[in-house]
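Worksheet for the structure shown next.
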Amino acid sequence: MRLILLTNIFFAIWSFLNRFSEINNYIDSAEQNFQKGEYELAIKDYTILINKYKIKDEDILLNLAHSYYNIQDTSNSKKIYHNLLNSEDSITRSIAHQQLANVFWMTGKKNKAIYHYTESLKANTSNETARINFELIQKLIKLEEQYQTGVRYKKEKQASNQGNTGKASNKTQTGSGNSINQSGSKGDNNAERTASEESGEYQGSQSDPENEKNELRNQKNGNKENEDLITNKLKAANLSLQRARAILDAMKQNEIQYLQQKHIAKPEEEEDLPNW
């Protein structure tokens, strides 16, 4: 009887030690795969720890969510981040909010992204990554609004120029018709004068390429000032511009459209006037 009891105790101790060893091996393997960027292997190890060994450690859950995030599986990463919002640890809550903000920014939900960045900073005011991402997003939203405003202004100006060109063309056609109806040399002179006036009105109705260049140059200077503001902010936070770009690339923020200059259309060469 005593032998059986000792045997059971031995197997219980052996099973415990064996289980403990297996858990440590999976933890080490998961962390190594995560550090090497082999996120799918890390997901496999973390999943075994959670499902088979019932490990509920928040660091493991957080790394599992990060692994899903890094392979752009936003559905699974978002679920885990949501579960960690109720963590008693303020740093874990802050990171969960920060990562949810990144996910929402990637999927085009700007208001939710801003909300979670704000909550991230409330949970941990020392979270510099969340702070820098939040400030960059505000700058990018402002630049996007300025770009859209510039596009609307450009379209309105083009529409106005086209309307003025149409009115000038109708007026010229009426004037030239009256001149042709007259007879003799006087009619010929009037026709030539009308043709000259038509040419002058046509030229006057065209947009001035130099003015458009100046407008685009001013717009470019304004964009450069905004970029300088962002650069100075990054320097103050000891973050390089390359690192900031890496953060934005990781966020895949709806693939923000940057300001692009359109080629200025050159005015068509004036055709030779017919000899009346």
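Atom set for the values below is all heavy atoms of this structure, side chains included, hydrogens, waters and symmetry mates excluded. These numbers come from a predicted model, not from an experiment.
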Inset, instruction - Run through N133, T74, T129 and flag the one making a side-chain contact (heavy atoms from CB on, under 4.5 Å) with N102. - result: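 The passing option is N133.
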Inset, instruction - Take L62 and L84 through the test side-chain contact (heavy atoms from CB on, under 4.5 Å) and record every step on the way to the result. - result: CA-CA 8 Å; L62 198 58; L84 292 171; 3.5 Å; yes
For the residue pair [X] and [Y], establish whether any side-chain heavy-atom pair is separated by less than 4.5 Å.
X	Y	answer
L136	K139	no
N18	E22	yes
I141	I114	yes
F34	Y46	yes
L61	N83	no
K155	R152	no

Legend entry - Residues K44, E38: salt bridge by 4.0 Å N-O rule: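 Salt bridge flag = no for E38 with K44.
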Contacts of [X] that satisfy ring-ring contact (aromatic ring centres under 6.0 Å, His included) - sequence neighbours left out:
X	result
Y81	H66
H116	H97, F104
F134	none

On a heavy-atom basis, which atom in [X] and which in [Y] lie closest, and how many Å separate them?
X	Y	result
L49	I27	CD1-CG1, 3.7 Å
S77	A65	CB-O, 3.4 Å
A42	A30	CB-O, 3.8 Å
S90	N124	O-CB, 4.5 Å

Inset, instruction - Using the side-chain contact (heavy atoms from CB on, under 4.5 Å) rule, take R131 and Q98 through it: C-alpha gap first, then chi angles, then the decisive distance, then the call. - result: CA-CA 9 Å; R131 185 182 306 280; Q98 168 196 307; over 6 Å; no
Quick check on the hydrophobic clustering: are [X] and [Y] connected, directly or via other members, by side-chain heavy-atom contacts under 4.5 Å?
X	Y	value
Y115	Y117	no
I50	Y68	yes
L41	I48	no

Inset, instruction - Take I71 and I43, measure what side-chain contact (heavy atoms from CB on, under 4.5 Å) needs, and give me the verdict at the end. - result: CA-CA 10 Å; I71 64 171; I43 290 171; 3.6 Å; yes
Inset, instruction - Answer with yes or no whether the side chains of D73 and N76 bring together a donor and an acceptor at under 3.5 Å. - result: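 Yes, because at least one side-chain N or O of N76 sits under 3.5 Å from a partner of the opposite role on D73.
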Inset, instruction - Tell me, with the steps shown, if L100 and L85 meet side-chain contact (heavy atoms from CB on, under 4.5 Å). - result: CA-CA 10 Å; L100 278 174; L85 294 181; 3.7 Å; yes
Roughly how far, to the nearest 0.5 Å, is [atom2] of [Y] from [atom1] of [X]?
X	Y	atom1	atom2	answer
N127	I132	CG	CD1	9.5 Å
L64	D45	CG	CG	10.5 Å
I95	E58	CD1	CD	10.5 Å
Q158	E156	CD	CD	11.0 Å

Legend entry - Exceeds 12 heavy-atom contacts within 6.0 angstrom, atom CG of N24: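 It does: N24 CG has more than 12 such atoms within range.
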Legend entry - Q138, CD: over 12 other non-hydrogen atoms inside 6.0 angstrom: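 Counting other residues, nucleotides and ligands, CD of Q138 exceeds 12 neighbours.
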For the side chain of [X] and the backbone of [Y], is there at least one donor-acceptor N/O pair under 3.5 Å apart?
X	Y	answer
R93	A123	no
R19	Y53	yes
T92	E88	no
N33	S29	yes
S67	N63	yes

